[in-house]
Amino acid sequence: MTGSHTPQNGPLGRRGLLVGTAATALTLSTVSFANAAPGKDNGKGGGTDQADRTKTVRGTLPTGSPDFVYLPVEVPGGVREIAVSYTYEKTPVPAGTQGNALDIGIFDERGTELGGRGFRGWSGGARAGFFIRADEATPGYVAGPVRAGTWNIALGPYTVAPEGLPYEVTITLRFGEPGTTPTPGYPPERAKGRGRAWYRGDCHLHSVHSDGKRTPAEIATTARAAGLDFINSSEHNTHTAHSAWQGLWDDDLLILTGEEITTRNGHVIAVATDPGTFVDWRYRARDNRFGHYAKAVRRAGGLVVPAHPHATCIGCHWKFGFGEADAVEVWNGPYTPEDEIALAEWDNSLAAAVHASQPWVPAMGNSDAHREPDKVGLPQTVVLAEELSRDAIVAGIRSGHSYIAESSAVSLSFGASGGRGGHAGIGERLRADADSPVTVRLEVTGAPGCTVHFVTDQGTLFTTALPESGSGTVDWRTTPAYAAYVRAEVRHPSTVPGLPGAPAALTNPVFLEG
């Protein structure tokens with residue numbers, strides 16, 4: 001059975017405008033399949049042999065549409081699979097004007113409540129369609145029974161052209177025996193490792209489970225080739241990749257599970273949450289809900305890491321503040337002026353924290369790799385951890401015992417010594433008299449042609465070139481009265497007049513307390 005269902009009451013098919021604690025949402029007229037004639041019993045326990053049923057909905061979303069538009073679908077009993085496809089017009093627009101972009105996902109009969117249990121998948125704008133059944137689903141969507149009740153297709157008008165966004169959604173129901181939902185297999189929380197050591201990781205990666213092009217197997221292969229010890233699964237607004245790593249972990253690679261929570265006011269990486277954890281994303285800064293979901297990430301054992309906070313793509317710039325951040329991504333993929341701004345803002349936050357005797361937020365870097373030629377492990381966060389385990393890596397990142405390197409070829413050691421024989425490494429505090437001499441030392445390998453910069457709460461106070469080999473040791477003497485903290489930057493020569501060169505490595509600070 002096929003048919004066309006055109007929304008009523010104007011181009012939006014407006015049934016009601018729902019305004020709550022989440023971003024504004026709109027609900028369209030319900031699509032019903034309930035009146036179709038039932039099929040015949042198939043003799044296999046009450047199921048029915050019915051022809052596929054298909055209905056199509058067409059409409060136009062105007063500029064200023066809510067963030068989420070829900071299309072309710074009444075699903076009858078006996079459905080084995082629900083399949084949804086959609087198209088929309090990409091109207092030409094003048095330069096500098098946003099064109100049409102429409103995301104899609106779905107919630108089941110348990111509803112669309114913010115943080116509720118109804119989420120069944122999201123693909124954003126990465127796919128033209130998806131299916132869900134008990135035994136399998138499109139990547140990004142949750143396999144499981146297609147139960148009777150009101151499901152909701154979630155449309156997300158990311159941007160809308162001045163002429164509006166004409167769309168078409170086609171829903172197909174297939175009937176029959178539901179099949180069996182497989183028990184998910186999740187990565188172990190510990191790998192063999194090297195005991196207490198520096199471990200390299202990339203916590204911002206995308207696969208075919210969101211808008212990436214690599215499979216989990218391809219990501220695991222490229223991660224090993226990049227010299228990584230751990231990675232974090234971080235798909236946009238879905239957790240379905242958590243169970244997609246079967247057979248890909250081993251003693252040499254720890255696989256953490258998380259999510260890139262992709263809101264309209266910025267993206268945040270949930271790092272190392274409990275496998276199977278989904279975190280909702282349907283809110284803006286004005287809804288005052290981010291703190292609630294940041295706490296949900298931490299309750300699930302994870303870290304809250306604002307991603308590319310100064311990215312210029314629509315909805316990417318971070319608007320929630322850093323009060324809930326456990327770390328911040330200051331280097332995202334190949335280094336750009338956006339990263340330089342993020343680094344400067346983070347450094348300002350360090351100075352403010354130390355002068356106010358407040359907690360500080362560590363920095364980290366990740367590749368945000370989606371597809372070739374994106375390089376997994378450019379950059380990578382190198383973490384001092386007691387072992388190669390989820391808990392130990394999380395503890396190392398949270399405490400700032402880490403640095404960022406452009407590749408596994410770059411290694412460094414950084415610390416300060418002074419006072420009464422004291423020593424402090426990255427992320428630690430050295431206590432010494434205010435005027436007591438302190439020696440800051442950086443040892444570097446793998447950075448040919450680079451220059452070392454020591455940055456303090458006063459700015460960059462010491463610079464020197466490394467030997468031609470890129471390996472060397474640099475010492476600098478200061479006092480806690482002169483420098484409240486010191487961090488190191490190892491940079492390539494500048495290629496753009498007026499801008500510093502891209503980093504080969506950046507460290508979290510060593511704090512000097514007088």
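All values below were derived from every heavy atom in this structure, side-chain atoms included, with hydrogens, water molecules and symmetry-related copies excluded.
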- Do the rings of Phe278 and Phe119 sit parallel, tilted or perpendicular, given the 30° and 60° boundaries? parallel
- Message: Just by distance, no angles: are the side chains of Glu74 and Thr150 close enough, under 3.5 Å, to form a donor-acceptor pair?
- Response: yes
- Item | Value rounded to 0.5 Å, distance of NE2 in His239 from OG1 in Thr277 | 8.0 Å
- Carefully, step by step, assess Arg284 and Lys319 under the rule side chain to side chain contact (heavy atoms under 4.5 Å, CB included). CA-CA 8 Å; Arg284 293 192 182 212; Lys319 301 290 189 183; over 6 Å; no
- Item | Full working for salt bridge (charged side-chain N to carboxylate O under 4.0 Å, His left out) between Asp52 and Arg80 | CA-CA 10 Å; Asp52 295 351; Arg80 175 178 63 90; 5.9 Å; no
- Task: Indicate whether the side chain of Asn152 and that of Thr112 have a donor and an acceptor atom separated by less than 3.5 Å.
- Result: no
- Does Val93 reach the side chain of Pro162, with side-chain heavy atoms less than 4.5 Å apart? yes
- Within a strict 4.5 Å, meaning less than it, do heavy atoms of the Tyr167 and Tyr86 side chains meet? no
- Given the rule in the side chain to side chain contact (heavy atoms under 4.5 Å, CB included) test, do Val271 and Asp326 qualify, once you have shown the distances and angles that lead to the verdict? CA-CA 10 Å; Val271 176; Asp326 296 308; over 6 Å; no
- Check the pair Leu378, Glu406 against side chain to side chain contact (heavy atoms under 4.5 Å, CB included), reporting the backbone distance first and the verdict last. CA-CA 5 Å; Leu378 171 61; Glu406 65 179 355; 4.1 Å; yes
- Nearest 0.5 Å please: distance from the OG1 atom of Thr138 over to the CZ atom of Arg127. 6.5 Å
- Message: Could you check whether Glu340 and Tyr335, counting side-chain N and O atoms only, form a donor-acceptor pair closer than 3.5 Å?
- Response: yes
- Just checking, any donor-acceptor pair under 3.5 angstrom between side chains of Thr170 and Thr56? yes
- Message: Could you measure the distance from the OG1 atom of Thr54 to the CG atom of Leu173? Nearest 0.5 Å is fine.
- Response: 7.5 Å
- Query: How many angstroms lie between atom CE of Met364 and atom CD1 of Ile397, to the nearest 0.5 angstrom?
  - Reply: 4.0 Å
- Item | Criterion ring-ring contact (aromatic ring centres under 6.0 Å, His included) against Trp122, the qualifying member of Phe107, Tyr141, Trp281 | Trp281
- Message: Donor-acceptor pair, distance only, cut-off 3.5 Å: does the side chain of Arg110 make one with the backbone of Arg117?
- Response: yes
- Compare all side-chain heavy atoms of His204 with those of Glu260 and state whether any distance is below 4.5 angstrom. yes
- Item | Pair Asp108 + Arg147: basic N to acidic O under 4.0 Å | yes
- Pair Glu338, Thr312: side-chain N/O donor-acceptor within cut-off below 3.5 Å: yes
- Item | 4.5 Å side-chain heavy-atom contact, Asp368 and His308 | yes
- Message: Walk me through whether Asp211 and His236 qualify under side chain to side chain contact (heavy atoms under 4.5 Å, CB included).
- Response: CA-CA 8 Å; Asp211 60 345; His236 293 286; 3.0 Å; yes
- Message: Nearest 0.5 Å, please: how far is OG in Ser402 from CD1 in Ile393?
- Response: 10.0 Å
- Query: Does a side-chain heavy-atom distance below 4.5 Å link Leu506 with Trp346?
  - Reply: no
- Whether Ser233 side chain and Thr257 backbone form a donor-acceptor pair below 3.5 Å: no
- Charged N to carboxylate O under 4.0 angstrom, Arg298 versus Glu324? yes
- Message: On a heavy-atom basis, which atom in Gly315 and which in Tyr158 lie closest, and how many Å separate them?
- Response: N-OH, 4.4 Å
- Query: Do Ile171 and Phe33 come close enough that some side-chain heavy atom pair is under 4.5 Å?
  - Reply: yes
- Task: May I ask you to test the Gln380-Leu228 pair for a side-chain heavy-atom distance under 4.5 Å?
- Result: yes
- 4.5 Å side-chain heavy-atom contact, Glu235 and His206: yes
- Task: Kindly compute the distance separating CD1 (Ile404) from CG (Asn508), expressed to the nearest 0.5 Å.
- Result: 7.0 Å
- Quick one: do the Ser207 and His209 side chains pair a donor with an acceptor below 3.5 Å? no
- Item | Sequence-distant partners of Phe320, ring pair (Phe, Tyr, Trp, His ring centres under 6.0 Å), two or more places apart | Phe290, Trp318
- Task: Please answer whether the main-chain N or O of Gly276 pairs with a side-chain N or O of His242 as donor and acceptor at a distance below 3.5 Å.
- Result: yes
- Test salt bridge (charged side-chain N to carboxylate O under 4.0 Å, His left out) applied to Glu168 - qualifying residues, sequence neighbours left out: Arg58
- Qualifying residue, where the test is side chain to side chain contact (heavy atoms under 4.5 Å, CB included) with Ile231 and the options are Leu254, Asn366, Leu205: Leu205
